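Step one of this worksheet: look at the structure below.
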Amino acid sequence: MDEQKDQTEVREYFRIRGPQPLRGSVTVGGSKNAALPILAATLLSSTPSVIHNVPDLLDVRTMVMVLESLGAGVERIGKHSYRISPATISRFEPPYELIRKMRASFLVTGPLISRLSRARVPLPGGCAIGSRPIDLHLKGFAHLGVDVSMRSGYIETWAQKLRGGEVYFDFPSVGATENVMMLAATIEDETIIANAAREPEVVDLARFLTLMGASIEGVGTDTIVIRGRKDLQGCEYTIMNDRIEAGTFCVAAAITRGDVTVHGVETSLLRSVLTKLEEVGAQVEKVGEDAVRVAMSERPRPTNIKTMPYPGFPTDMQAQFMSLLCLADGVSVITETVFESRFAHVGELERMGAKVQVEGRSAVVVGVEKLTGARVTATDLRAGAALVLAGLAAEGVTEVNGIHHIDRGYEDLEVKLQSLGAFIERVRG
Ligand code: EPZ
């Protein structure tokens, strides 16, 4: 599935001229992957919540549309703040076109089962990074007493008799952990999630659920114990910052051989990425409590990357790091263990002169002296970011098409890069 792009929309692309070292400071915004589940979680209560530091992204607007389509009131009270009034939700079926547009819309399923005792949700399709099933979400729901069936492309769920239970995930799925944790947060019983996802965004959601009145232990480890409450209360909450946006700017500093301080980042959440940047020869220095400085003056050394669930190297940084390794003075091997096919950016990087050989879940990257500007197309959010980074370092002009993918997850990317000295502009027409 690819996002259905409205064909009447005017063509937009980034035009980038490189090479240009980035210098200066940039501040990251709120985390997309924390905001989406937390916005869905506001439906668990019938009283209003106010959420701050919500990034201004296409995916957030889609989630807001989903909440409104279910009958919740959503008021934007600031550029990055929303008040959600969920008392009025009445529909248990989010619109097909919104689920198809954004897989994360499926995160309203747990809250709908909790509030309305049922949910009818279109099966989210695959996308450019793999089939992305939801079997673990459904298995988790079934262990909590939910009756689950599949009919003509829809998931039908009924809460026969919700009860606590023990859920084991074959894979520490972020979304499945979040969906099950949200449902369990309203069940007055004990639920254990084994082999749970440990991502910081899951921890942020658990903090919000705890503030609403649930009791959650072990979040951030592979075993989470939840004691829920029927009457969770809406509350005011500030979303964590986006560690992947921060990591993207750190790699941007390295690939352009610049010197950038990234503010608003908890460096402990980026340890795997910062360690790999040092391995390839970047200078990485913690600045104060919430900033990191990344500088690079010579060609990167090669290294090997294996994406893993947190705290391993994040799959959402794989494409960006590949762009950097395309310029290394040697051969690197990147293994993608989280998604079955997340190398769509390889073909586009090759158009810029990169030498990458994909073998199943591994990509062998033979570093080249330089990349050359070209017309390329983003196929997903992080592939798009990787192509922008490559364009900043390449000689000549790069046009990155498909930037609606980038706008799904990066707020004002070109503006922030311009503030660091990049020659990048958004061109319409
Ligand atoms: C979340 O997606 C993130 N999205 C993704 O970020 C991120 O790449 C991913 O976690 C892994 O970290 C949001 O948080 C909104 P998963 P999610 O369930 O929850 C398989 C970005 O760029 N799986 O952990 O969909 C699945 O096929 C996006 O910001 C099942 O088999 O990821 C995949 O191979 C991209 N059955 C693996 O697990 C299931 O029921 C990881 O998926 C669920 C997942």
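In each ligand, atom 1 is the first atom listed, and ligand 1 is the first ligand listed. Everything numeric here is computed off the predicted structure, so don't read it as measured data. Numbering starts at 1 and runs along the sequence shown.
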Nearest option to atom 7 (C) of ligand 1, as decided by whichever heavy atom of Asp242, Thr177, Asp316, Val202 sits closest
Asp316
With a cutoff of 4.0 Å, is Ala176 in contact with ligand 1, counting heavy atoms of the residue only?
no
If you measure from each non-hydrogen atom of Val174 to ligand 1, which part falls under 4.0 Å: side chain, backbone, both or neither?
both
Look at Arg61 together with Asp407 and state whether they make a salt bridge at an N to O cut-off of under 4.0 Å.
no
Below 4.5 Å, heavy atoms only, C-beta onward: do Glu411 and Lys79 meet side chain to side chain?
yes
For Ala104, enumerate each residue passing the side-chain contact (heavy atoms from CB on, under 4.5 Å) test, keeping only those at least two apart in sequence or located in another chain.
Leu36, Met102, Leu107
Are Glu199 and Pro172 close enough that some pair of their side-chain heavy atoms sits under 4.5 Å apart?
no
So the atoms of ligand 1 within less than 4.0 Å of a heavy atom of Arg342 turn out to be 8 (O), 22 (O), 35 (C)
side-chain hydrogen bond (donor to acceptor under 3.5 Å, both in side chains) filter on Lys139, not counting sequence neighbours, yields Asp170
Give the atom numbers and elements of ligand 1 that come within less than 4.0 Å of a heavy atom of Asp135.
30 (C), 31 (O), 36 (N), 39 (C), 40 (O)
Looking only at distance, does Gly175 have an N or O less than 3.5 Å from an N or O of ligand 1?
yes
Any luck finding a side-chain donor-acceptor pair between Ser149 and Glu156 under 3.5 Å?
no
Between His404 and Glu12, is the side chain to side chain donor-acceptor pair (under 3.5 Å) condition met? List the steps.
CA-CA 8 Å; His404 61 284; Glu12 261 193 340; over 6 Å; no
Parallel, tilted or perpendicular: which describes the rings of Tyr96 and Tyr154, with under 30° parallel and over 60° perpendicular?
tilted
Consider ligand 1: state whether an atom of it lies below 4.0 angstrom from any non-hydrogen atom of His405.
no
To atom 39 (C) of ligand 1, the nearest of Pro37, Ser173, Pro133 on a heavy-atom basis is Pro133
Heavy atoms only: which of Met102, Lys32, Arg103 lies closest to atom 25 (O) of ligand 1?
Arg103
Among Phe339, Phe171, Tyr310, closest by heavy atom to atom 32 (O) of ligand 1 is Phe339
Where's the contact between Asp380 and ligand 1, heavy-atom distance under 4.0 Å: side chain, backbone, both or neither?
neither
Which atoms of ligand 1 sit under 4.0 Å from any heavy atom of Val338?
33 (C), 34 (O), 37 (C), 41 (C)
Side chains of Tyr410 and Asp242 only: does a donor on one sit below 3.5 Å from an acceptor on the other?
no
Sub-3.5 Å N/O-N/O distance, Glu178 and ligand 1:
no
Please determine whether any non-hydrogen atom of Arg382 lies less than 4.0 Å from an atom of ligand 1.
yes
